[in-house]
Amino acid sequence: MNEYGIDDDTRYCFNVEYYDNQAELIREYQLMFFPSDNSIEMYDVKQKKIYLKRVGYPGIQLRDLIIGATIIIFSRPLLIKSYGDRFTATKLISKLERSLLVVRLESNVLLGDLFNYIIDHGYTINQMRLVKFSKETAQEFLSISYSSEETNKYISSLLSGLVYCFTLMKENCVNSLSNLLGPEDLNQASINYPESIRGFFMTDKENGFVHASKSIPLAEEEISFIFGVYSNNMFERTAKFKDCTLALIKPHVLKQGLIGEIIIAIIKGGFEINDIQLFNLETSNATEFLEVYRGLMPTFTDHVNELISGASVAMEISHPSMNQEQIVTEFRKFVGPYEPGIGKQIFPMAIRSVYGYDWVHNALHCTDLPEDGPMESDYFFNILCS
Amino acid sequence: MRFESEILYPQKPTPQRRGYRQVDHIIIQRRKDEAEHEQMERQNNYYKIMDKKADFERATIDANRRYKLYKNYTQLKNIRREQFEERQKKLATLFEQDRIEWAKLIEESRETVFDRIQVMKDEIKVLREKREARKKKENDNALYNLWKNNCHEIRGFESKLREKETAVALEQQIKQREIARKAEMEYTKIWDALAENNRLKKIEYYNNEEQRKKNLGMYIGRCLEEQIEEINKRKQEEERLREVERQYDLERNKMIELEDKRNEMLRKQNAVATRREIEEFNKENIRRKAEEVQKELEMDLNIINELKKEMDNEKEEENKRKIKIKRDMDLFMEHINRQRQIEKERQKQIDDAYLQEYNKQNRLLYEKWKQEQIARDKLMKDVMKARQEQINEKLENNKREQEENRREMEKILENIKKYEEEKKLEEQKNMENKKQYSSDLLDQINYKRMNNEKLQKQEEEDYQRNLKQKQEYDDLLEKTKLLEQFKTKLKIAQIQKVDNSHFKQLPNPALYSTYTQDKLHDALLMREAAESSNKSE
């Protein structure tokens, strides 16, 4: 039995889709996953025959098999559409309880620690973004789960500082997250419960604000408020689209749980994170974004596959004392060569050298040309969001 | 100015009137209609043309717009493509530059021979420094030791300190040894207790096992006894069954006899009964008839007697008639007698007829009886047969049971045999186990004894060694004291500058073969050095 309470004979079934580029067809399969030996099997639904015989595939874990996620099996991106049978649905649906966590930080110094804290406590980050509340939106958001008095009390803290919103996923997520918050009195939290979120991250005792969903329906409502269809029109973006560069943390880093470390490294390097959001890129988006590198990289499709293999985090980076050209070139130098093998020889302490292991899995993508900085930032924080 | 329609459709020239003709209204009307129709057609055509024109104009405008859009689009696309290509080029150059730069950096970071030599030199330098420091430290230590050894006061003091230390150490050693001995004692005690406990447990286990075996044996004995009882019972049962068989045989014979007897008796009875019945029937009949006739006759006689009496009474009166009447009477009597005979004959006839009838009835009855008897016999036979079959069956069962009995007895006997064999084997095994266990115990005891002996020996040896060491230590102390004295004397001699060559002869050098030899050697060196310094002076 492992963390998911798996028996030896357990078999999970998922309905998956594969877009065949050559035939320009969407093909449907059933993907069987056997957690006892981490093996997979694929069944062609239309032709009614086995497409892939049962074979061990250590690259895939049960936690990767989430509805809506894309997994790459033998270099084919498969989009998980739904659960294939009732057993899988009943077994896994309880693991997908979601909750919203809103943390208002004074500065982004503790952002990396916040990521580490969340990952260390076993939560999966489903959605994440930096939110700039207006007075109306703040009032509307707070009125979902707070009374009018409390809304008036907390509204000022939401209007200033940096407010990071996370959609977290875990079994019994709502309860465990509310237990993690700590007492509401911030002074008491910092003295008696230094391990809680309030105790650890609330440096500003007066304006500090941490919120976690109080129940599952409220959580869904809040998540749809912050990350829903109208969210982009409601919230103003904090991205400046000027004198900036884009850093895109690749999915393999998120899978390894090292995103916090990378953010800490960037902030320690003196850079500022203007805007941050978690994206689940589709093949078309990833291809469009990396189109300029086609022909320049020998492993272009691998790059695309890596970007669509999971969630990636986009950040708009700037520096108070640097112009457009400087920020791009400096940040490029800061993260190190795009080939970690070379980086380990000449800049062993650069981010890519430390956290990357080959050209495709080189921890993060950053803007290469100075004039591309605002354009790439615009692509992520304007075009993709809308 | 002419309309387009006029150009396209020119008016036909009106025909010239050739001469006066009478007005035909119908024709005029028709012409009018035709003219109107033509006019309308012309107008229609005009509208159609105008529509086509408008369509054409619209299509051209659309096409122009589309063309412009396409132009703009292609222009933009081209610009974008150019930009894209430019970006790609820039990126390619950037990557190239990066590659060159990295290659340079890698090249720079690669170690050359000179770098290696330099690094090695540095390492040598560091190592040399370390070595020198170590040597220096060693020299200092040696010098310090030399100085310390030469200084008698310090040495005396140190020796005293050492003495004290050794005394303390010895005391500690003794104490530790005592503690160790105690600990060992405790340890052995614990182990002994454990062993004793184990032994007791083992004994208890063996006792329990023996008890269990005994119980088992008893149980098996009881079982065997029960089995023997069972066998006896079976035997008794067999005998009983035999007896029953015999009885059945006897019963059968008796039944046959009884049947015969009954048949005989029945026959006899039938005969007697028929005889008796016939007799009784005849007798009765005759008697009854006779009686009846007699009664009638008596009645007749009585009547005649009465009449006679009456006649007697009227004798006188009827003298005359008497004779007549007498005659009549005689005649009547004769008639009566005749009648009597006739009656008797008739009775005989009746009896005969009756007998015939009776015989007939009798025959029928006998036949019926016979039939019934045959039926009864048949029934009796069936009953007897069934009974016989039952008896046979029972006999067969009996035989079967006897066989089973025999088989079970054989089985039981086999079991008993087997059990006895097993018991024998188990006893043998037990005996072997016990033997082995006793031999093991003996081995253990021997081993323990040997160990004890060894320990004792070792303790004795230790004691002897300790004694020896102590003695050696005392000797050494004496020697060192002697040496001290010798050295003081030497020093005094040095100070007094007295010829001290006679000190070269040391007392027996074999005594200094211990660890003090080194120190002594040092002392000798010192002396030689002192001598040489004296000489140089």
Side-chain angles (χ1 to χ4, degrees), chain A residues 245-246 248 287-300 303 324-353 356 358-360 362 364-379 383, chain B residues 62-131:
Chain A
T245 181
L246 183 94
L248 184 69
T287 318
E288 196 181 5
F289 177 65
L290 295 177
E291 191 61 42
V292 75
Y293 294 95
R294 198 195 282 271
L296 296 174
M297 294 171 176
T299 51
F300 177 75
H303 277 85
Q324 183 58 49
E325 198 164 343
Q326 281 170 337
I327 178 76
V328 173
T329 46
E330 284 304 310
F331 191 72
R332 216 166 154 263
K333 268 184 198 169
F334 174 72
V335 295
Y338 47 79
E339 266 199 75
I342 295 169
K344 272 169 191 164
Q345 283 184 37
I346 49 178
F347 303 113
M349 293 315 287
I351 290 173
R352 278 173 172 168
S353 315
D358 59 32
W359 197 353
V360 178
N362 58 359
L364 83 170
H365 163 88
C366 72
T367 313
D368 285 310
L369 291 172
E371 59 268 27
D372 284 356
M375 202 170 73
E376 288 188 354
S377 174
D378 186 63
Y379 182 77
I383 296 166
Chain B
D62 278 356
N64 277 335
R65 201 172 66 235
R66 270 205 301 277
Y67 175 70
K68 270 181 191 170
L69 265 172
Y70 175 72
K71 210 175 170 184
N72 280 337
Y73 169 73
T74 43
Q75 265 181 0
L76 277 170
K77 205 177 167 186
N78 284 334
I79 291 162
R80 285 298 292 272
R81 202 178 59 234
E82 276 168 16
Q83 277 179 354
F84 185 79
E85 276 169 6
E86 204 179 331
R87 268 175 77 198
Q88 245 184 352
K89 268 181 198 168
K90 274 184 185 173
L91 267 174
T93 48
L94 191 72
F95 283 176
E96 197 54 43
Q97 278 174 9
D98 282 345
R99 246 169 247 140
I100 292 160
E101 200 181 326
W102 295 340
K104 210 188 274 175
L105 282 168
I106 288 166
E107 199 62 40
E108 277 172 14
S109 65
R110 199 172 285 156
E111 213 173 41
T112 57
V113 180
F114 299 110
D115 290 341
R116 184 80 197 135
I117 289 164
Q118 191 58 42
V119 168
M120 280 168 83
K121 271 180 183 172
D122 290 345
E123 272 177 17
I124 287 162
K125 205 175 174 184
V126 169
L127 284 170
R128 192 181 285 153
E129 276 169 6
K130 271 185 188 171
R131 199 170 60 235

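Chain letters run A, B, ... following the sequence lines, proteins first, then strands; residues in each count from 1. Scope of the values below: all heavy atoms of this structure, side chains included, with no hydrogens, waters or symmetry mates.
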As a quick check of understanding, evaluate salt bridge (charged side-chain N to carboxylate O under 4.0 Å, His left out) for B:Arg65 and B:Asp62, giving each step before the final call.
CA-CA 5 Å; B:Arg65 201 172 66 235; B:Asp62 278 356; 3.5 Å; yes
Between B:Lys89 and B:Glu86, is there a side-chain N and carboxylate O pair less than 4.0 Å apart?
no
Mind ranking B:Lys90, B:Gln88, B:Glu85 by heavy-atom pairs under 4.5 Å with chain A and telling me who comes out on top?
B:Gln88
Of the backbone (N, CA, C, O) and the side chain (C-beta and beyond), which part of A:Glu291 lies under 4.5 Å from a heavy atom of chain B, both, or neither?
both
Examine the side chains of A:Tyr293 and A:Asp368 and answer whether a donor and an acceptor come within less than 3.5 Å of each other.
yes
Please classify the contact of A:Tyr338 with chain B as side chain, backbone, both or neither, using a heavy-atom distance under 4.5 Å.
both
Please determine whether the number of non-hydrogen atoms from other residues, nucleotides or ligands lying under 6.0 Å from atom OH of B:Tyr70 exceeds 12.
no
